[in-house]
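Working notes for the structure below.
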Amino acid sequence: MTEVKDVTELLLSRIRDVPDYPKPGVLFKDITPLLADPEAFAALTDTLAGLSVRHGATKIVGLEARGFILGAPVALRAGLGFIPVRKAGKLPGATLKQSYDLEYGSAEIEVHAEDLTAGDRVMVIDDVLATGGTAAASLQLVRRTGAEVAGVAVLMELGFLDGRQKLEPVLAGAPLEALITV
């Protein structure tokens, strides 16, 4: 338990608060100091890789864009494949798309159709769980490939935005792991 507390404290100490970004009244949580610190980045990578292995993942899905930064080293550390889920129009070849609602409008994400198949157990990795829309769409997309969801792991959950509640039905019993909740 002390090790988990120490990792959490290390990660928190490397996340910078930026007031009034991207607009007045918003307190942005900047993870770039964490990424710049090799000790903190390694601790984050090790922790997420351990969760992925513990939940039986066979592939890591990273959500554009910071999920790529976190997910790729996690996949490497855990000895698993890495699959990017991108904004629509960014992947060549045959893709599967999933749309989702934003605060004002909608968006689409996609994955290469052949990158995930039945038998894969996927851990979805991202930096932040906010409202849960992108994460929910990614889970729907993963399941449409025939793969199973092993879980979702994020560095930080913004608890005041209730993303966990929105995500619960789509998780369908798969775990949601947030290393830090603010």
Side-chain angles (χ1 to χ4, degrees), residues 1-15 31-87 90-96 98 109-129 132 134-157 164 167 170-181:
M1 187 64 173
T2 301
E3 184 178 322
V4 172
K5 184 178 178 191
D6 291 344
V7 168
T8 301
E9 288 175 7
L10 173 62
L11 298 177
L12 274 170
S13 75
R14 301 306 189 274
I15 297 171
I31 68 166
T32 56
L34 187 157
L35 299 173
D37 180 324
E39 179 188 5
F41 195 14
L44 173 60
T45 300
D46 289 345
T47 303
L48 292 173
L51 288 171
S52 299
V53 169
R54 187 171 76 230
H55 292 301
T58 61
K59 298 260 175 81
I60 300 294
V61 157
L63 303 182
E64 188 165 349
R66 288 182 297 256
F68 295 175
I69 296 168
L70 303 184
V74 167
L76 187 62
R77 182 72 47 93
L80 305 173
F82 175 77
I83 310 300
V85 167
R86 305 225 39 206
K87 295 174 184 167
K90 301 287 186 179
L91 292 172
T95 61
L96 292 174
Q98 183 68 45
I109 55 174
E110 63 185 5
V111 66
H112 276 130
E114 72 277 0
D115 285 351
L116 296 171
T117 60
D120 284 328
R121 285 186 45 81
V122 177
M123 180 64 81
V124 174
I125 302 232
D126 205 3
D127 64 328
V128 173
L129 175 66
T134 307
S138 73
L139 297 180
Q140 293 167 328
L141 190 58
V142 165
R143 289 190 177 108
R144 286 181 49 217
T145 69
E148 184 181 339
V149 174
V152 174
V154 296
L155 165 60
M156 190 174 5
E157 177 180 353
R164 181 176 290 266
L167 202 53
V170 185
L171 281 165
L176 169 57
E177 304 271 3
L179 304 184
I180 298 166
T181 301

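Because the structure is predicted, anything quoted here is derived from the model rather than measured.
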[X]: side chain to side chain contact (heavy atoms under 4.5 Å, CB included) partners, not counting sequence neighbours:
X	answer
A75	I60, F82
R14	L10, L34, D37, A40
T181	E157, A178

Can you see which heavy atom on E114 is nearest to which on A94, and at what distance?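 Scanning both residues, the minimum pair turns out to be OE1-O, 4.0 Å.
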Please report the shortest heavy-atom distance between I125 and S52, naming the atom on each side.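 Nearest heavy atoms, I125 then S52: CD1-OG, 4.1 Å.
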Using a strict threshold of under 4.0 Å (side-chain N to carboxylate O), is an ion pair present between E148 and R121? yes
Which value, rounded to the nearest 0.5 Å, describes the distance between D126 atom CG and L48 atom CG?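 The CG atom of L48 is 10.5 Å from CG of D126, to the nearest 0.5 Å.
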Point-to-point distance, once rounded to the nearest 0.5 Å, from CG of L116 to CG of L141: 8.0 Å
Under 4.5 Å between any side-chain heavy atoms of L129 and V152, yes or no?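 Sidechains of V152 and L129: no contact.
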Does any N or O in the side chain of [X] come within less than 3.5 Å of the main-chain N or O of [Y], such that one atom is a donor and the other an acceptor?
X	Y	result
E64	K87	yes
H112	P92	yes
R66	V128	no

D115: which of T95, I83, T145, V85 passes side-chain contact (heavy atoms from CB on, under 4.5 Å):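 Testing each of T95, I83, T145, V85 against D115, the sole residue satisfying side-chain contact (heavy atoms from CB on, under 4.5 Å) is I83.
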